[in-house]
Structures are given as structure tokens and as C-alpha cells.
Amino acid sequence: MDFTIQAEQQELMDLVRQVVDEEIRPRALAMDQDGEVPDELWTVLQQTGITALAVPEAYGGMGLDHVTLALLFEELAKGCAGIATACAANMLALLPVLIGGSEEQKQAFCHNLLQGGMAAFALTEPGAGSDAAAGTTSAVKTDSGYVLNGVKHFITNGPLADQVVVFANARKERGVRGMTAFIVDASLPGFSVGKVEDKMGIRASATSEIILENCEVAESARIGKEGRGFPLAMATLNASRPHVGAISVGIAEEALQRALTYVHQREQFGGKLIALQMVQQIIADMAMQVEAARLLVYQAAAKTDAQEKNAGVYAAMAKCFASDVAMKATVDAIQVMGGMGYSRESGVEKLARDAKVMQIFEGSNQVQRGIIANGIK
Ligand SMILES: Cc1cc2nc3c(=O)[nH]c(=O)nc-3n(C[C@H](O)[C@H](O)[C@H](O)COP(=O)(O)OP(=O)(O)OC[C@H]3O[C@@H](n4cnc5c(N)ncnc54)[C@H](O)[C@@H]3O)c2cc1C
């Protein structure tokens, strides 16, 4: 496969790099400390289209393929993985609408994102994490639509989203085959944001509970048929996981670059750290692993674009491998930077805290290994 970066892709990468250098990286440490994103940064991200990267051309967006999206999420994550996650969550919410929604739903959802709106994908519940099929949020049919009740937790963009794709069971007696997806407007009565998580990393990305208490939605809010929710959620995650990989590569590349700069400057025992063979080994391993992860992400994204049958297995590989690489590379970067790496001031320990969640969300890496083992032929 040829992964030569095309001129149009390079232009977009340069645009994102400029936003990262001028607007995101200078604010990253403060956003990490405060757990808040300044309004002026949201405005930049919305005006540059970065919050709506995945909107297809037919609905007024840039129509980017998954390979190009992966290139851009990697760039964003170099500046701040929390910001990259918040923007990627808009795509995560959009995907089920694009895969299973009606024309009207696609138009409306995309329009809102293009206007600077935010979105969320609400599958996980307190009692249903890795076992997502065990969700108990209910959707009871009425004459005009459905009444939703339940609690979702750990929802990225939960406090910010104006549209939330909620997975609820419309046919309890059918178990997981009753799971159904709905587009829920956050302004509806009965919709509220519960506990906002105080997290270890990706602190610029807001994560919260979503509470549904007798929340009435119209029948037109249902995505596809009753009972199609679980396959829709799985198809969505298959398409999205390469981008968790891409964000992980961005974190790992940033760690590598910071470590490299440091070992070329820092002197001990009368010479630069980079001259020490044990330091060279750490740097060389980081460089090899980052490159291998990047290629696996491109491969998974290309297979997703081509709608290949085994794309989901590659997506699991890319997500799992790249996030493991990000975890290792960030801890190794701290190691070669010594006390300076351990200091908050360096920003490198933030990279390690940010990397950790990449091994957990969109299916933990244990779950990904299960998908790979069961899916490889
Ligand atoms: C910051 C953050 C943002 C998130 N954003 C979203 C979001 O936007 N939308 C959403 O729906 N969810 C979101 N999640 C939820 C996330 O997808 C779940 O946390 C994840 O799937 C794991 O579920 P759990 O936390 O309940 O862990 P559990 O399922 O309780 O797992 C705990 C441990 O057991 C292991 N384990 C579980 N099952 C198996 C198995 N079968 N084999 C081997 N090991 C296993 C896991 O790997 C893990 O190590 C987010 C989570 C976090 C932390």
C-alpha cells in the first residue's frame, strides 16, 4: 500500500499544525491543570472546521477519508490529546448517524456540527462497560415516540454536547437485540448532565454522566430500526478505533521529539546524553515503535475506507498497538529526561497521563486482543 502524503493532505496537516503551534500547545499545560478549554480556543477550532472534520462533502463538510482524518488527529494530539479526543468524539457521535441514519438525520446532525455544535456517543453505563451489551437504559414506545430512562457514564463531551447518540433498549425481552440508537437533543426535558469526571489525563476533554429521566423523544429520533443499536455501535467503534490509534501516535511522536531535543542538549559525564549507548537504545526503540504504530494506523484507516471485511480486526490492532506504544514511549521519554521529565513543567508527564486512557476507552486493550484473536484468519 502506498501511504505517500498527498498535496491536499499536506495542506490540511499544515493548517492543523499551525493551529496546534499557535493556539493549542501554548495552552496545553493550563488546560491540563484547570481541566477547562478557553472559549476563544473553541471558537478557533470551530471556525477552522476542526470540530467537524468528519462531515461528508454531501452534507457541506470536507469529505475527508479515514486516512486523512488519521493524519489530522495525529497532528492535533501532538498539541493536546484532550482536544484531539473532544474533536474525535464529534466524529464518534456522527458515525452511527452516517452509517444507519435517514437523510434528514444526516443533514441535521452535520448542520449542527458545521455550525460549531458538539456531540457525544453514549453507550457505556455504570453496569455496562466492556460488556456494552448489558446496558439497561430503556426506551418505552409511546404514540408519538419513546420515553428514555437510564444513566450513561464516562461520556466524552457529555457536558458540552447539544446532540447525543444514546443507546437504549426498546425491546427488553429481546436482550441485546432490543438495543436501539436515538439522537437525543440535550435541550429536551428529562435530559441532564450528571457527575463530571475529575480525570488523570486528557483533562481538556470533558467527560460526564448523562442522565435520562422520562426523556421523551420523537419517533424520528430513532436511528434505523428498533433492535439495530448494538451492530450500529460496533460498526461505529470499528470505524473510530483507527483514530484512537492516530491520537496515540500523536502522543508518542510528541514524546519522542521532546526526548530527542533533551538528549541532544543535556550533558552529563562530559558529553551529550545521546552519546550514551543505553540512552540510544531507548531512543531507537521509541522511534521504531512510533513508526510501526503509525503504519498500522494508516493500514487500518485505509481498510476502513475500502470497507474491507477485516477492517475491524485491523482497527483493533491499530488501537491496541498504538496505545501500548504511546504508553511505553511517554514513560520512556520521562526516563531519558530524568527529573526534568518527572516535573510537570516539562509537559512530558502529561503525555503519559494522556496516553493511559487510550488503552482503556473505545474497548480496553484486553477487549481488542480478544477481537484480534477471534478475528484473524
Ligand atoms: C475518559 C473516558 C472517556 C470515555 N468516553 C466514552 C464515550 O464517549 N462514550 C462511551 O460510551 N464510553 C466512553 N468511555 C467508556 C469506555 O469505553 C469504558 O471505560 C471502557 O470500555 C471499559 O469499560 P469499564 O471502564 O466499565 O471497565 P470494565 O469493563 O469494568 O473493565 C475493567 C478491566 O477488566 C478488563 N476486562 C473486562 N472485560 C474483559 C474481557 N472480556 N477480557 C479481558 N479483560 C476484560 C478490562 O480490560 C479492564 O482492564 C470513556 C471512558 C473514559 C475513561
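All ligand and atom numbering here is 1-based and tracks the order in the structure.
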Are any of the N or O atoms of Ser130 closer than 3.5 Å to those of ligand 1? yes
Can you tell me which portion of Val357 lies within the under-4.0 Å heavy-atom range of ligand 1? Options are side chain, backbone, both, or neither. side chain
Report yes if Thr124 has an N/O atom closer than 3.5 Å to an N/O atom of ligand 1; otherwise report no. yes
Distance-only N or O hit between ligand 1 and Thr156, under 3.5 Å: yes
Centroid-centroid distance, Phe167 to Phe230, less than 6.0 Å: no
Cation-pi check for Tyr59 against Lys106: NZ or CZ below 6.0 Å from the six-membered ring centre and within 45 degrees of the axis, yes or no? no
Is Val367 close to ligand 1, meaning an N/O of one under 3.5 Å from an N/O of the other? no
Sub-3.5 Å N/O-N/O distance, Ile155 and ligand 1: no
Short N/O distance, under 3.5 Å, between Gln366 and ligand 1? yes
Sorted by chain and residue number, the ring pair (Phe, Tyr, Trp, His ring centres under 6.0 Å) partners of Phe109 (sequence neighbours excluded) come out as none
Can you find a protein heavy atom under 4.0 Å from atom 31 (O) of ligand 1? yes
Among all residues two or more places apart in sequence or in another chain, which pass the side chain to side chain contact (heavy atoms under 4.5 Å, CB included) test with Asn90? Thr51, Leu113, Met118, Ala119, Asn157
Atom 25 (O) of ligand 1: protein heavy atom closer than 4.0 Å? no
Would you say Phe121 and ligand 1 have an N/O pair spaced under 3.5 Å apart? yes
